[in-house]
Each structure stands twice: as structure tokens, then as C-alpha cells.
Colleague: 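Could you have a look at this structure, given as C-alpha cells, before my questions?
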Amino acid sequence: MLPVRRGAPRPAPSTRRARRPVAALGLAGLALALLPGAARAADPPAGDANLKVQPISYVVLVDESGSLSVPDLDREKDAAALAAIGELSPDSRVGMVGFGSGAGATSAVDVVCPMTAVADPAVAGCAGRLHKRTDREGNNTDIPAAIRQGVSMLRSAPAQQPKVLFITTDGAMEAQPGEGYGNDAARIPGELDKALTGALAEARAAGVQIWPLGFGGAINAEQLSRIAGGGAPSTCSQRPEDKPAAATAKDSGEVVQFLRKAFGSARCAGVTQTDSTDVDGEADLHVTIPAIATDVVIQVHKADERIETTFFDPDGRQADTAPGTERRGQGSRTETLRITDPAAGGWRIHLKAPAGVSGPVSAAAVWQGVVKSYVQLNPPQPSAGDSVRLSVFLQTREKNLTDPGALKGVVVSGHVDGNGLKADIPLKAGDKGEFYSDYKIPSGTTGEVTFTGTVTAPGVAGTREGRKVTLGRGPAPVGVELKWGDTTIEPGGSVGGTVQWKVNDGRSHTLRVIADFPADVGLRINGGEQKVSAGSDSFDFKLSFGDSIAKGDHTGRIRVVDADDGDKVLADTTRTITVEPPPGFWDRYLWVVIGAVVLLLLVVGVLGYLAKRRGRARRIGPITLRLYRDGQPIGVETRPLDERAEAMWFRLDTAGFPPQLVPLYQHEPGSSWIVRRTAATGTLDVETPLGAHLHLDMGRPTEIEPGLALGFGDDRVQAAGASDGGAGAADPYSPYGAGGPPTPPARPYGDGAYGSDQPDNPYGPYGTGPAADPGSGPGSGSGPDDTPFGYGPPRT
């Protein structure tokens with residue numbers, strides 16, 4: 001089932017039934033509450049269930065003259081049907097009259113429906129009785145006769161009820177000889193004009209508004225404007241759009257839309273924007289219902305009655321048969337859905353045409369905000385010369401209006417009237433739906449003074465409520481002012497307030513805080529009573545609410561009374577408590593989690609960067625291994641086959657002459673040497689085939705066999721050093737960063753090898769370079785090399 005207005009549960013059916021019989025008692029209670037010193041609030045803060053759309057009485061006058069085409073008459077019928085079944089109040093009454101001109105015994109008017117309650121199912125068929133007149137029936141246009149008939153039907157309406165005539169016609173008024181205005185054709189226009197003047201005077205005297213709509217090329221716009229201005233004025237606000245006015249349409253296709261707009265203005269209602277589409281299969285239309293709307297009729301006009309409609313609320317739930325709704329006109333070209341206390345927002349009308357059926361469909365909503373203003377004064381019983389806070393609040397039948405969206409376009413004005421006192425009080429919008437102003441009562445003012453709040457808004461009938469007080473003389477025995485803390489709480493929370501008091505009569509008084517909130521909020525008052533005497537001071541109190549209080553706004557009335565003076569009201573204010581659910585885990589810790597995630601990502605990034613840096617530092621890189629004898633290279637060297645690997649492998653081959661460093665792609669157990677970088681750039685760890693480890697410093701060859709040493713050069717370090725002309729350049733792979741590697745120690749083998757360019761080894765793995773000179777190896781002094789690794793024959 002559809003909850004009709006979110007956030008405010010509808011009263012139980014039994015409760016609603018009980019409220020009507022006690023309406024008179026409620027008014028009596030209101031009168032008592034307005035008396036000076038009354039303890040109870042004048043209006044319940046949670047809304048007024050007795051509020052309802054004001055009913056109206058109206059008659060639709062439809063032109064049946066012979067100038068109409070069949071489609072024109074059909075459009076008039078559709079507009080009249082929507083006016084009959086699309087009214088907001090089920091207590092309204094409607095009549096329908098077709099008119100042409102009098103001919104013989106045939107009347108110029110045809111009452112197809114007498115005044116009937118719009119809730120009566122019979123009104124849906126009234127428009128079907130309208131027809132195009134023949135010559136014998138009188139097919140001209142006697143507008144004065146139609147107006148007089150409509151006024152006559154409306155005379156039986158209640159005195160204070162709005163009375164309205166709607167007229168649709170395709171031409172100016174016209175009659176022929178023998179149709180009630182004499183037989184002299186030349187005098188007929190003047191007679192018609194006098195008849196129109198008299199009919200308009202009757203309408204004005206009877207309080208009947210007239211809203212004419214003309215369509216087609218033969219209309220007389222000036223005449224229609226005269227008709228609109230000749231009736232009674234609007235009973236709505238004084239906005240220009242609420243003044244009775246004529247409308248003109250280019251053709252009958254716009255009759256429905258124009259009459260809908262006139263209907264809304266005449267009965268102080270708003271009309272949403274019309275949505276239309278051509279249906280061939282299925283389609284959707286949308287209307288937007290404002291937040292202030294309490295009563296709505298969605299009107300649908302279809303080219304073919306076989307097109308089916310289904311209504312959905314803003315939450316997507318089907319609303320056709322939900323509580324608070326009434327659907328009418330199914331199976332006809334005009335359908336309506338009346339909704340009480342609708343959910344605000346976009347409503348959807350789903351259209352479905354059977355095979356072979358298509359055509360245009362339009363939809364709009366006529367709505368009204370049924371609101372009531374109530375007035376508060378602080379202090380409630382002022383004296384001449386006092387400054388008074390005048391506050392005006394708005395209520396629907398369910399609650400106080402506190403939503404700024406619902407109050408958009410609402411204008412609230414204040415007024416004060418008394419003995420020699422008459423002034424307007426501009427009000428400004430405050431928090432939670434309050435409109436207020438401070439007003440200083442002129443000194444010397446005596447007797448009764450009435451403070452009034454007037455509300456006007458689009459779609460809202462003007463509402464005016466007053467508060468009458470009898471001014472005191474001199475300062476009040478006790479003056480009280482209320483101060484408040486934060487009014488936004490979680491379920492089970494509390495709102496703090498302070499009573500600031502001043503005793504002027506020197507007597508003791510018992511001040512008591514009274515709060516009127518709906519029973520389901522679980523209210524408790526702590527510290528709300530205190531005995532006071534001469535002087536001034538303050539005391540704190542607390543309004544505590546139950547754990548089960550619902551989310552949203554809860555409005556209540558808080559008063560401070562003097563329990564020693566018959567509960568005389570000393571302060572009277574309205575407060576709206578906003579309940580928000582306690583924050584969940586993500587509400588509380590979202591930014592903590594985001595910060596932790598960012599920090600974790602940062603740490604992971606830094607660790608990843610360091611790991612990558614260390615990995616790059618461990619790469620064997622562009623090194624060159626060289627064999628030395630007596631501190632001098634012998635022209636044998638090798639390089640890694642994969643500089644990105646973390647190790648290189650080679651085999652030392654001493655079987656040939658000279659010995660060779662043979663690079664390997666992988667480790668060969670028992671024969672390969674393994675070279676890895678150590679933590680510091682510029683040093684290597686060399687693992688022999690037997691598993692022993694040697695430490696190599698760049699520029700300091702290390703003996704690996706008797707008479708044979710192994711050294712290395714590092715192009716990476718040398719390139720960095722060359723970039724700035726020498727040592728100290730940064731190694732991008734080095735763990736030392738910009739400082740570069742430590743300076744290697746002095747080399748005992750001399751300075752000839754480190755950093756010098758050497759000729760390529762013709763016997764090495766790269767196979768290039770000039771041949772070595774036999775017998776003059778690097779280890780020779782003045783004779784041939786006598787070692788097995790020399791270049792010459794062994795020494796004897």
C-alpha cells in the first residue's frame with residue numbers, strides 16, 4: 001500500500017472519522033485558548049487534521065452553436081468533463097449547460113447537468129449530453145442567456161463559497177430575428193449588448209466570477225475581456241494571475257489546456273506544466289508535484305479512450321488504488337487521479353495503446369496547498385512600550401511546514417491593529433518555517449490589540465489568522481525569555497534550554513516549563529521547574545527524547561507558565577527538533593580510513609621504490625672483469641652476457657695461452673665462478689668453483705691463483721664520474737645516492753690499469769684487437785716471463 005506523504009504518517013481511519021464531529025468543539029477550544037492567560041496553545045503544533053480544501057460551486061457553459069465542427073465540440077466536451085471530474089474538493093458542486101440561441105419553443109440554454117456534488121458518479125457523463133445544434137434548435141450564440149442561467153444555478157451555493165462560471169465559445173455573441181431579441185436585425189446587436197450588461201451585473205451582485213475561453217478565428221477578444229471583468233472579483237489573493245481574465249486559443253486543440261489553467265486560477269490552485277506525447281505502443285508522461293501541495297488531481301487527456309493509463313508515485317510504486325487516492329474516468333478520453341497528502345516529486349503516468357490505436361496524450365496536475373497560519377507573541381501578554389516578537393508559522397493537516405523547498409514562493413506579512421494603532425509589520429523568514437519580526441508597541445496604547453499574520457503563495461488560498469491581547473500597564477510581574485542550544489539530535493538525545501527571568505513585583509513565583517510534542521517522541525523534561533523571587537537570574541532545563549523517535553523534524557510548542565498565578569503563560573514559542581540517525585562506521589571513520597589507505601599506499605610506494613632501487617643496485621650492470629699479472633692487465637677481460645641479471649658467471653680457462661675468462665649464461669657447478677655486487681657500489685663478491693668467496697674492490701686486483709689476479713672496471717661509475725669531470729658523480733643505481741660510492745683505497749699494484757683504455761684482447765671472447773707481443777708480457781722485467789702464464793718461454 002502507498003504511504004501518501006512520506007515522513008508524516010496518516011491518522012488511523014477511526015481517528016479521522018472522529019475529527020469531523022468535534023470540529024465545533026475544536027473551534028470553541030481555539031476561542032478559549034486565545035483568552036489572556038490561557039495555558040494551552042492556540043493550535044496544535046503537529047498540524048490540523050481538520051484542514052481541507054475549500055469547496056467551490058461552478059458551472060461550465062459550453063457553446064453548441066452551428067459554427068462548431070465535430071472535433072471542436074469534442075474538445076469542448078473533453079475540457080468540460082475534466083472540469084467536472086478534476087475538481088480538488090469532493091464537496092464541491094458542479095453544473096453543466098450547453099447554449100446556442102432561442103428558436104421557437106427551444107431555449108437558448110440546455111441544462112445537461114443541474115448542480116451536483118462532484119463526488120457523484122453521474123457528473124462523469126454530463127459532457128456526453130452536449131451536442132451541436134441544428135437550425136431548428138437555434139444554432140447561434142446567446143452568451144447573455146448562458147450567463148443568466150449559470151448565475152441562477154449558483155444562487156443556491158453557500159454564501160461564503162466561491163462561485164465561478166467557465167465559458168467556452170468559438171465566436172462572438174450573435175442572434176437572429178425571432179431568437180429572443182426582436183425581429184429587427186439592425187437592433188439585435190444593441191439588444192444583445194444591453195442583455196450582456198444586465199447579465200454581468202447579475203453575476204457581480206451574486207458574487208459570481210466569470211472566466212471566458214474563446215478559440216478559433218471568429219472570436220471577439222475585446223468582448224471576452226469585458227465578460228471577464230464584468231463579473232465578481234477573485235476570492236483568492238490579490239496576485240494578478242488570480243484576477244478573472246479571458247483566454248484565447250488559436251484552435252480547439254488548446255481548449256483543455258487553457259480551461260485547466262483558468263480552473264486552477266479560479267479556485268486558488270496551482271497547475272503544473274503540461275506534459276504531452278504521441279502514443280504508439282507504450283510511453284510515459286511526467287508531472288512534478290510541489291512539496292507544499294496537500295491535495296492534487298492529475299488530469300489526463302487522451303485522443304482515444306482505449307489508451308490505458310497507470311499512475312506511479314515518486315518512489316515508483318503504483319498509486320491507482322492506494323489509500324488517499326481516487327481514480328475517475330477510466331475508459332474515457334479524460335481520466336483523473338485525486339490524491340490527498342501526496343508525496344512530493346515526479347509522478348509518472350504510464351500509457352499503453354493496444355495494436356492499431358495511437359494519438360496524442362497530455363497530462364498536468366491541479367494542486368493546492370491547504371495550509372493554516374498561526375500567530376505567536378512573546379511575551380504573550382505585553383504592555384504598552386514593550387518590544388514584542390511576532391512569529392507566524394504555517395501548518396498543513398499533518399505537520400508544521402519547515403522545509404525551505406515547501407516554503408519557496410510563500411509570502412507572509414504581519415499587521416497590528418488596535419485603539420489608535422494600525423500598522424504593517426514586515427516579516428522575515430527564519431529557521432524551521434518561522435516568519436518573524438520584533439515590534440515595539442507605542443507607549444500610551446491601551447485596550448485590545450490584534451496581531452495578524454497573512455499568508456499568500458501560488459496554489460495556496462490566502463490565509464489570515466490573528467492573536468488578540470489586552471495590553472497591560474507597566475512592567476509585567478514576571479518577565480521571561482527562552483534561550484536554546486542545538487536542536488539537532490540523535491535518537492535518545494536531548495535539547496538544552498535556558499529560562500532567563502526577572503521578577504518585578506517582589507513576590508515568589510513558581511516557573512514551570514511545559515512542552516507539547518506528539519506522544520510518540522518519548523519526551524521527558526528535566527529541571528523544568530524552579531521557585532524564583534525578587535531580582536533576575538536564569539535556570540537551565542533539558543528536553544530529552546526517546547530512543548525510538550523517528551528521523552526528521554518534530555515540531556512542538558514550549559511555554560513557561562507561572563504555576564502560582566493559574567498557569568499564566570509567560571513565554572510561548574515553537575521549536576522544531578531535527579532527529580538525525582547516529583553516524584555509521586563510514587560516517588565516523590571515512591576520513592580516517594581514507595587517510596590510512598593513502599598512508600598505506602604511500603608506504604607501499606616508498607617500499608616499492610626502495611625495493612626497485614635496491615634491485616637495480618644489485619644488478620651486475622656494465623662491469624668488465626680483467627686478468628692481471630704483477631699489477632698490470634694482460635689483455636684478457638670479459639663482460640656479463642646480461643647486465644640486468646643479479647650475477648654473472650664465467651669460467652677461468654688456463655689450459656691455453658694466454659688464460660681466458662669465458663662468459664657463461666648460467667651457473668655450471670664445479671667449474672663456474674659467480675660474481676655478484678655487494679651492498680656498496682664499486683665492490684664485488686666473487687664465488688670460486690669451490691665455494692670460497694673473494695672480495696674485489698674496483699681498482700685493486702685480487703689474486704685468484706699464484707701470479708694471477710682478477711680486477712674489474714665499472715662503466716656505470718666511470719660514466720657518472722666522466723659526466724662531471726671525475727669522481728664524486730652520482731650513480732643512479734647506487735645505494736649511496738647522490739654522494740656516489742666511497743673512494744676506493746690506494747692500489748698497491750700501481751696506477752697504470754685503473755681507468756685507462758686498454759687494447760682489445762684478440763684471444764678474449766670478443767675476438768678483436770691487435771696481436772700481443774710474445775716474450776714481452778706485462779710481468780717481464782728485463783727477460784722472458786718464466787711463469788706458466790707469461791707470454792714467453794719459462795725461465796730457466
Side-chain angles (χ1 to χ4, degrees), residues 56-65 67 76 80 83 93-103 106-115 130 133 137-157 159 161-182 184-185 187-215 218-235 243-248 259 262-263 266:
I56 67 171
S57 292
Y58 60 105
V59 175
V60 184
L61 306 176
V62 180
D63 190 348
E64 296 180 321
S65 62
S67 59
E76 282 191 306
R93 298 169 72 242
V94 61
M96 196 172 297
V97 177
F99 69 93
S101 57
T106 304
S107 172
V109 296
D110 178 17
V111 180
V112 297
C113 267
M115 297 303 294
L130 297 167
R133 292 195 174 207
E137 294 174 313
N139 59 1
N140 289 297
T141 311
D142 190 347
I143 294 178
I147 293 176
R148 286 195 300 269
Q149 178 62 44
V151 171
S152 175
M153 296 170 67
L154 291 170
R155 290 187 191 279
S156 61
Q161 192 175 95
K163 296 177 279 290
V164 186
L165 281 181
F166 299 101
I167 305 175
T168 64
T169 180
D170 73 333
M173 60 183 182
E174 182 182 8
Q176 296 298 320
E179 292 185 339
Y181 294 93
D184 187 347
R187 297 185 59 183
I188 289 177
E191 294 299 319
L192 277 171
D193 189 79
K194 287 192 294 184
L196 179 61
T197 300
L200 293 177
E202 288 182 27
R204 179 176 286 273
V208 176
Q209 306 172 45
I210 307 176
W211 296 76
L213 166 61
F215 61 92
I219 59 174
N220 186 331
E222 183 178 351
Q223 190 177 89
L224 294 178
S225 294
R226 175 189 172 191
I227 293 171
S234 171
T235 57
K243 181 180 179 180
T248 57
L259 184 57
F263 188 87

Colleague: With distance as the sole test, does Q223 use its side chain to make a donor-acceptor pair with the main-chain N or O of M173 at under 3.5 Å?
Modeller: yes

Colleague: Walk me through it: do V208 and I147 pass the test side-chain contact (heavy atoms from CB on, under 4.5 Å)?
Modeller: CA-CA 10 Å; V208 176; I147 293 176; over 6 Å; no

Colleague: Among T168, T169, L259, V60, which one satisfies side-chain contact (heavy atoms from CB on, under 4.5 Å) with E76?
Modeller: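 Considering T168, T169, L259, V60, a side-chain contact (heavy atoms from CB on, under 4.5 Å) with E76 is found only for T168.
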
Colleague: What's the spacing between I219 CD1 and L224 CG if we round to 0.5 Å?
Modeller: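 These two atoms lie 6.0 Å from each other.
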
Colleague: Are the side chain of R93 and the backbone of P114 linked by a donor-acceptor contact shorter than 3.5 Å?
Modeller: no

Colleague: Would you compute the distance between atom NZ of K194 and atom CG of L196 and round it to the nearest 0.5 angstrom?
Modeller: 13.0 Å

Colleague: For a quick test of reading the model, state the closest non-hydrogen atom pair linking T141 to G171 and the distance between them.
Modeller: CG2-O, 4.5 Å

Colleague: Determine the minimum heavy-atom distance between E137 and T106, stating which atoms define it.
Modeller: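 Where E137 meets T106 most closely, the heavy atoms are O-CG2, 3.3 Å.
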
Colleague: Which salt bridge (charged side-chain N to carboxylate O under 4.0 Å, His left out) pairs, counting each pair once, include a residue from residues 140-150, with sequence neighbours left out?
Modeller: none

Colleague: If you round to the nearest 0.5 Å, how far is NZ of K163 from OG of S57?
Modeller: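 Between S57 OG and K163 NZ, I get 7.5 Å after rounding to 0.5 Å.
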
Colleague: Please report the closest heavy-atom contact between P144 and A199, naming both atoms and the distance.
Modeller: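 In terms of heavy atoms, the two residues are closest at O-CB, 3.8 Å.
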
Colleague: Please examine the side chains of I188 and P177, heavy atoms only from C-beta on, and report whether any two atoms are closer than 4.5 Å.
Modeller: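 Yes, their side chains come closer than 4.5 Å.
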
Colleague: I'd like to know whether S65 forms a side-chain contact (heavy atoms from CB on, under 4.5 Å) with D170, so could you lay out the CA-CA distance, the side-chain angles of the two residues, the decisive distance to 0.1 Å, and finally the verdict.
Modeller: CA-CA 8 Å; S65 62; D170 73 333; 3.5 Å; yes

Colleague: Y58: which residues meet the ring-ring contact (aromatic ring centres under 6.0 Å, His included) condition with it, sequence neighbours left out?
Modeller: F263

Colleague: So R226 and D193, do their side chains get closer than 4.5 Å, heavy atoms only?
Modeller: yes

Colleague: Could you pull out the closest heavy-atom pair between R133 and N139, with the gap in Å?
Modeller: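 Heavy-atom minimum between the residues: O-CB, 3.5 Å.
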
Colleague: Among D110, V112, V59, whose side-chain contact (heavy atoms from CB on, under 4.5 Å) with M96 holds?
Modeller: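 Between M96 and the candidates, side-chain contact (heavy atoms from CB on, under 4.5 Å) is satisfied uniquely by V112.
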
Colleague: Carefully, step by step, assess V62 and F99 under the rule side-chain contact (heavy atoms from CB on, under 4.5 Å).
Modeller: CA-CA 6 Å; V62 180; F99 69 93; 5.5 Å; no

Colleague: Show the nearest heavy-atom pair for residues I210 and P244, with the distance to one decimal.
Modeller: O-CB, 3.7 Å

Colleague: With sequence neighbours left out, which residue pairs that include part of residues 195-212 fulfil the salt bridge (charged side-chain N to carboxylate O under 4.0 Å, His left out) condition?
Modeller: R155-E202

Colleague: Any non-hydrogen side-chain atom of S101 less than 4.5 Å from a side-chain atom of E174?
Modeller: no

Colleague: For residues S225 and A246, report the shortest heavy-atom separation together with the two atoms involved.
Modeller: N-CB, 3.8 Å

